[in-house]
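One structure is given below, encoded as structure tokens.
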Amino acid sequence: MADFDDRRLPSRFGGRGRFAMTALVISAAGLTAAYGMFVASTAADQSPASMPATAPSQPVSTPAQTSTTIDPRTISVHRPSNPTADHTRFEILQQDFQDGPAVTAACLTCHTEASAQVMKTSHWTWICPGARKELEQRQGIEVGKAEHVINNFCIALGSNEPRCTSCHIGYGWKNTSFDFDNPNLVDCLICHDTTRTYKKFPTDAGHPVYAEKYPQGRPFEGKNWPPVDLKQVAMHVGKPSRYTCGTCHFFGGGGEGVKHGDMDVTLDQPQRDLDVHMSHQGIDFNCTTCHTTRDHKIAGRCFTIPPMGQDAVARRGIEANLLDCQACHTDAPHVSAKLNDHTDRLACQTCHIPSFARRKATKMWWDWESAGRLGPDGKALTETVEVKGEKVSSYDSKKGSFIWARDEWPDYVWFNGRVGHTFIGDTIDDQTPGRDLGRRTGRFDRLDDRQTVVPINTLHGSADDRGSRIWPVKIHRGRQPYDVKNKTLVVPKLFGPPGSGAYWSDFDWGKSIQAGMAYVGQPYSGEYGFIQTQMLWPLAHMIAPKEHAVRCEECHRPEQGRLASLTGFYMPGRDRSDLVDDAGLAMIAVALGGAALHGLLRILMGRRNPS
């Protein structure tokens, strides 16, 4: 654009007229620019980036630019180091162990207090410490996988231990007679293996395959599990790693990526764009960098207990729980003050987990009612489907039908850290339609929100609660059995040999529920049905780098924004008020009119006073 030249004005305006016209143009331009800046204030400085796979039809725009106030290279983390002991030189480990407990007995000759410490943790008891005082009116009950907790994946532990406890940090938890006081039953190798050869067999209550019993390996679902060289593993132990933690946590819910939506085997060796903290291209965090550990107690959420408690956020360098992002990044992690204005109402994960299950699909819908359909030969069958190029199970005679999702936008909720649960034995509402309670059909399920939807858990929080932030979540929905007379969710016996009542062997829901409820000591009327349920999983892993963070306009827009379902608060760019809009336009009109009038008066005064 050419520079404005006031000498082009007619000479009859004189010097004052030219000055007045210049003032008028500059005022109008300034006000217009100010209005444009106001409209753009909902977005930060941006650079080009592509839209996520979840919204290909939405316009391509740019990510918010962020910069932490801490140089990641200066953060002290637990990196691999040379051990102070060479376990290959220990004579007690130079033997052919018959089983896992024999290895533990050898470990305890030096690490005398290790088992005693492990036995005080929730990894051993599968009970949440401190949950009793969190439950107030339910004083006295124990809460954890081992007691009272139910889910809408594999439903519950009781009567199914040999299958479920393949992820227990011990050996031999097959039923209620398991000896929780036997130190030799603690499994040291599952967390400390560095050979990547130690694996528990899926159905043997925490034991691996032993060479003495299965020298050629042990088959399971078409795969041969080779025997573990216990001596080799015992002589090459080390600190826990992403791999050892993931041996269980990447496979929660019965398979890889089933449960969480932000944990699968890709976190073992992630690329930087998948997880900026865990990637070797980034800071190369191990799980225990944030899940700090002392006396074998590993920091983390335990059902009703928030990971940070009610105390102020712990800063790095202080021996404390470091699970909150502010522990390293502070409350003002961005260069942009506008972005920092969001940190009191947005969890860091909301912007830095742009999509979940980014590399591997995660299960979103599990319909137990559809289980039991057998093949023409009368045997159990499985069916598969592709989800964005990945083959996943869509039907299993033992488990029912599934829907998966991959690389999709999360759902978002207000969350203050407190979680409520529907426990085994709780009376449920099987009458109120889900939509009346805000439980709607999702993008990846067959849920009918005109029917009841039972919340397995509830994340507490609201826009009016100043302790709440907007969090990204995965919502897993499904249908599972319940007692239609007692109005309780039931525990079916799923695993076991033919004739035991186990559904996976006998395919009889009535017998399965009868056996499972008797095992856990709960009443059962003998009449069952199936009911819709949902369970929310807050997302906390797979943290994207700043260049892949959620862009401002993905939320601050009037339609199809990420936060469209959240109400009860005003968000610029998404929400509008005719009154506010009209008032704003009126103010702009008055300002422009005033500037024009001022300029016109200067011109008129210039005519009357040519000098």
Side-chain angles (χ1 to χ4, degrees), residues 126 135 138 141-165 175-176 253-254 258-259 303 363 365-373 396-402 420-432 434 439 445-448 451-458 476-536:
W126 281 7
L135 292 170
R138 305 182 187 191
I141 74 168
E142 293 187 310
V143 175
K145 293 180 185 178
E147 294 285 347
H148 291 94
V149 168
I150 198 166
N151 61 58
N152 61 357
F153 293 89
C154 291
I155 302 181
L157 170 71
S159 74
N160 303 303
E161 287 91 343
R163 182 67 177 92
C164 300
T165 57
N175 49 45
T176 55
V258 167
K259 182 190 293 185
F303 295 100
K363 194 171 289 186
W365 171 258
W366 188 326
D367 182 3
W368 281 99
E369 186 176 14
S370 63
R373 177 167 58 89
D396 187 315
S397 296
K398 296 179 178 180
K399 301 179 180 180
S401 55
F402 318 114
H421 285 268
T422 298
F423 292 113
I424 296 171
D426 285 356
T427 301
I428 61 173
D429 174 7
D430 64 351
Q431 299 297 320
T432 306
R439 300 166 198 145
D445 57 63
R446 300 189 185 100
L447 185 139
D448 182 355
Q451 305 297 321
T452 302
V453 182
V454 176
I456 298 291
N457 67 348
T458 302
H476 183 269
R477 299 175 172 94
R479 293 179 62 82
Q480 63 193 91
Y482 83 111
D483 187 324
V484 297
K485 281 194 172 181
N486 292 330
K487 298 187 185 302
T488 57
L489 297 175
V490 298
V491 176
K493 179 176 177 59
L494 300 173
F495 178 81
S500 66
Y503 185 79
W504 291 348
S505 297
D506 298 336
F507 294 101
D508 185 323
W509 279 118
K511 293 180 180 179
S512 169
I513 296 169
Q514 184 74 51
M517 294 295 275
Y519 187 93
V520 298
Q522 291 289 324
Y524 173 52
S525 69
E527 296 186 26
Y528 70 90
F530 288 83
I531 197 165
Q532 298 178 135
T533 60
Q534 72 173 30
M535 195 169 189
L536 280 66

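Both backbone and side-chain heavy atoms feed into the values below; hydrogens, waters and symmetry mates do not. Being a predicted model, the structure only gives us computed values, none of them experimental.
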Self-check item: Test item: Asp445 side-chain N/O and Trp365 main-chain N/O as donor-acceptor pair under 3.5 Å
Solution: no
Self-check item: Ser370 side chain vs Ser401 backbone, donor-acceptor pair below 3.5 Å
Solution: yes
Ignoring hydrogens, what is the shortest heavy-atom contact between [X] and [Y]? Give both atom names and the distance.
X	Y	answer
Arg477	Leu447	CD-CD1, 3.5 Å
Gln522	Gly425	OE1-CA, 3.6 Å
Ser505	Pro497	OG-C, 3.7 Å
Ala515	Ser500	CB-O, 4.3 Å
Ala502	Phe495	CB-C, 3.5 Å
Gln532	Arg446	OE1-O, 4.3 Å

To the nearest 0.5 Å, what is the distance between [atom1] ([X]) and [atom2] ([Y])?
X	Y	atom1	atom2	result
Trp504	Lys493	CH2	NZ	10.5 Å
Met517	Tyr528	CE	OH	14.0 Å
Thr488	Ile428	OG1	CD1	7.0 Å
Thr427	Lys487	OG1	NZ	9.5 Å
Thr422	Ile150	OG1	CD1	9.0 Å
Leu157	Ile155	CG	CD1	12.5 Å

Practice problem: Provide the full list of salt bridge (charged side-chain N to carboxylate O under 4.0 Å, His left out) pairs with a residue in residues 505-527, sequence neighbours left out, each pair given once. | Solution: Lys485-Glu527
Are any of the side-chain heavy atoms of [X] and [Y] separated by less than 4.5 Å?
X	Y	result
Lys398	Phe507	yes
Lys259	Met535	no
Trp126	Val149	no

Self-check item: Residues forming a side chain to side chain donor-acceptor pair (under 3.5 Å) with Ser397, sequence neighbours excluded
Solution: none
Quiz item: Among all residues two or more places apart in sequence or in another chain, which pass the side chain to side chain donor-acceptor pair (under 3.5 Å) test with Thr458?
Solution: none
Quiz item: ring pair (Phe, Tyr, Trp, His ring centres under 6.0 Å) with Phe402: which residues, sequence neighbours excluded?
Solution: Trp366
Quiz prompt | Sole residue of Tyr482, Trp368, Trp509 in ring pair (Phe, Tyr, Trp, His ring centres under 6.0 Å) with Phe530 | solution = Trp509
Self-check item: Side-chain donor-acceptor contact under 3.5 Å, Asp483 with Ser525
Solution: yes
Quiz item: Going by the side chain to side chain donor-acceptor pair (under 3.5 Å) test, which pairs reach into residues 151-160, not counting sequence neighbours?
Solution: Asn152-His476, Asn152-Thr533
Quiz item: What residues, two or more places apart in sequence or in another chain, satisfy salt bridge (charged side-chain N to carboxylate O under 4.0 Å, His left out) together with Asp448?
Solution: Arg450
